[in-house]
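Keep in mind that this is a model prediction, so the values were computed, not measured.
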Amino acid sequence: MSRMVPDRAAGLAECARALADGEVSARELTERALARIEATQPTLNAFRVVRAEAALAEADAADAQLAAGVRRPLLGVPVAVKDDMDVAGEPTAFGCPGDFPPKDRDGEAVRRLRAAGAVVVGKTNTCELGQWPFTEGPAFGATRNPWHHDHTPGGSSGGSAAAVAAGLVPAALGSDGAGSVRIPASWTHLVGIKPQRGRISTWPRPESFQGITVNGTLARTVADAALLLDAASGNHDGDLHRPPTLRVQDAVGRDPGRLRIALSLKPPFTALPARLDPAVRARVVALAERLAELGHVVEEAEPRYGRIGLTFIPRATAGLAEHVREVPRRDLLDRRTLDAARLGRLLGGAPLRAARKAEAALHRRVGALFDTYDVLLAPTTAAPPPRIGSMVNLNGLGTDRAMIAACPYAWPWNILGWPGVNVPAGFVGDGLPVGAQLLGPANSELLLVSLAAQLEADGRWHERWPPHRTPADSTDSADSPAA
């Protein structure tokens, strides 16, 4: 009946097409996704909440609509969302230990996914309140990288990245406050889109972490990441940030034209040491050279970041303090969380106002680069994915040192609120994925997605799957894309 086989998820667009054409049912796709999740939980541990019964009921409802001739962009397609997003009837623990009450209603992004017809199979693991580039903690254990189980998939959207990279679901939502979509996308060989601030609503929060955190998408292909982005995009009346409407899918396959691309290899301002790993540097430079071969003008140039980091800390820690106030059992939180929240309360007055006021000047200073160049190309991380456990038990300063050493490149675009796209850049060492980010000015998703799709058509990165097989991958998969 179908070209699909059960060992790994087909792409988002392929699933939607097969459902609309009657090649497969929503119940079949959802049952397969749930079976893959169950089989891999002991190894990958990608999910905090699995909605087996509810998801099957949603799939049956989708099948009834499909049979009645209803067509919606994701009708019947199983997807996952990060556990910082509200799903009606489920808790939102956001990586924290303890018992959390179920939510009365969906957050706006989840509501829009459901309106597009998606079946939400579960909520993916994230580190405690999304602070770190690893997905581990006492609340749920360690989420592992499908490419190498001894290494982290990154964070804080590590569960979503692991689920997509392993083929448990075709795509997933994450959130990005300092690279938390782009970093795990980089370390799991995925496309990760951090859209313009406000593109995907953060409601029931008018903004998240004082405006530095946005919701974004993870998928194996640019087209799937763009499809999920369009499905989730849109605003609630209470949102503080409301960018102009875009249909990002329209840019996939569109010729980006001959672009001027700035290659930036220096880490932005950091208070602690950061050095680009030579192997990662080589992969990013090779990508830059390929862009030149595709006809673009690529030159080394650095944005004028200045001391941009001084504006990040008040916003990040004040935003964290807001979340900590809502946790039912603060005594169960990591000491690093409590210390950062205490700092956030201290910085939540004049320093926070000054940090937010500085954003306009940063837009002008950093944005001057785009008077000359169309796109900025930079490493997504300075290093390949660290080993499981290497950061989870460090003290606060040790964690900051390790984070900055590994991930000094992504966070400035969170302060600016502008879009960025991680694209796979290849592998280093023992088959560990690394990525590069395409960065643009305000509302430049169409250009970035067009360029990313051109790179994908050339590099065909989506054809490569993790070589370390999981229990769910043990069945014969000779029949082409799996469901």
Side-chain angles (χ1 to χ4, degrees), residues 8-15 79-80 82 124 145-147 153-154 157-158 160-176 179-196 199-200 214-233 246 248-254 256 283-284 287 290-291 375 377-381 385 410 413 419-427 433-440 444-466 481:
R8 63 191 184 198
L12 198 68
E14 171 64 9
C15 287
V79 301
K82 184 177 177 178
T124 57
N145 195 318
W147 292 90
S157 305
S160 287
V164 176
L168 310 186
V169 291
L173 286 183
S175 59
D176 191 314
S180 288
V181 162
R182 290 163 290 156
I183 290 166
S186 168
W187 284 347
T188 58
H189 195 66
L190 296 178
V191 176
I193 301 180
K194 171 209 173 298
Q196 177 72 24
R199 178 78 57 214
I200 301 178
V214 303
N215 292 328
T217 61
L218 295 116
R220 293 182 54 79
T221 68
V222 176
D224 283 351
L227 173 58
L228 190 65
L229 176 59
D230 284 344
S233 289
L246 296 176
V248 180
Q249 294 170 79
D250 292 343
V252 178
R254 178 190 298 172
R283 298 270 49 83
V284 177
L287 191 67
R290 187 62 195 139
L291 284 165
V375 173
L377 171 68
T380 304
T381 68
W413 245 246
V421 179
N422 176 80
V423 295
F427 297 83
V434 295
Q437 47 182 344
L438 306 173
L439 303 169
S444 59
E445 288 100 325
L446 296 178
L447 176 61
L448 299 178
V449 163
S450 175
L451 181 58
Q454 183 186 53
L455 280 169
E456 179 179 276
D458 178 68
R460 311 288 300 172
W461 57 61
H462 56 286
E463 296 177 353
R464 185 165 179 178
W465 288 84

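The backbone N or O of Pro184 sits less than 3.5 Å from a side-chain atom of Thr188, completing a donor-acceptor pair. Under a 3.5 Å cut-off, the side chain of Ser175 and the backbone N or O of Asn215 do not form any donor-acceptor pair.
Inter-residue side-chain proximity for Val222 and Trp461 is flagged as met; some heavy-atom pair is nearer than 4.5 Å. Contact check for Leu229 versus Arg199: side-chain heavy atoms found under the 4.5 Å cut-off. Looking at heavy atoms from C-beta onward, Thr380 lies out of side-chain contact with Val434 at the 4.5 angstrom threshold. The side-chain heavy atoms of Leu12 and Val169, taken from C-beta on, include no pair separated by under 4.5 Å. The shortest side-chain heavy-atom distance between Arg182 and Ile193 does not fall under the 4.5 Å cut-off. Residues Trp465 and Arg220 are in side-chain contact: their nearest non-hydrogen atoms beyond the backbone lie under 4.5 Å apart. Looking at Asp176 and Ser157, their side chains never come closer than 4.5 Å, going by heavy atoms from C-beta outward. At a threshold of 4.5 Å between non-hydrogen side-chain atoms, the residues Leu447 and Val375 count as touching.
Remark: Leu451 CG to Ser444 OG distance equals 11.0 Å, nearest 0.5 Å. The distance from the CG atom of Asp458 to the CG atom of Leu291 is 9.0 Å, given to the nearest 0.5 Å. From Lys194, atom NZ reaches atom CG of Leu439 across 9.0 Å, with rounding to the nearest 0.5 Å. How far CD of Glu445 is from CG of Asp230: 9.5 Å, rounded to the nearest 0.5 Å.
Scanning all heavy atoms of the two residues, the minimum distance from Ala219 to Ala225 falls at CB-N, 3.5 Å. Contact between Ala226 and Val248 at its shortest, heavy atoms only, is CB-CG1, 3.9 Å. Here the closest heavy-atom approach between residue Val423 and residue Leu438 is recorded as CG1-CD1, 4.2 Å. What you find for Leu287 and Ala436 is that their closest heavy atoms are CD2-CB, 3.6 Å. Closest approach of Ala232 to Ile200, counting heavy atoms only: O-CG2, 3.6 Å. For Ala453 against Gly253, the heavy-atom pair with the smallest separation is CB-N, 4.0 Å.
A donor atom on one side chain and an acceptor atom on the other are found under 3.5 Å apart for Thr381 and Trp187. Judged purely by distance below 3.5 Å, without hydrogens or angles, the side chains of Lys82 and Ser160 never pair a donor atom with an acceptor atom. If you check the side chains of Asn422 and Gln437, you find no donor sitting under 3.5 Å from an acceptor.
When each of Val164, Thr221, Val421, Leu455 is paired with Val191, the side chain to side chain contact (heavy atoms under 4.5 Å, CB included) condition holds for Val421 and for no other.
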side-chain contact (heavy atoms from CB on, under 4.5 Å), that's the test. Do Leu228 and Leu173 meet it? Break it down for me.
CA-CA 8 Å; Leu228 190 65; Leu173 286 183; 3.9 Å; yes
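Aromatic ring pairs are classed by plane angle as parallel below 30°, tilted from 30° to 60° and perpendicular above 60°; the pair Phe427 and Trp147 is tilted.
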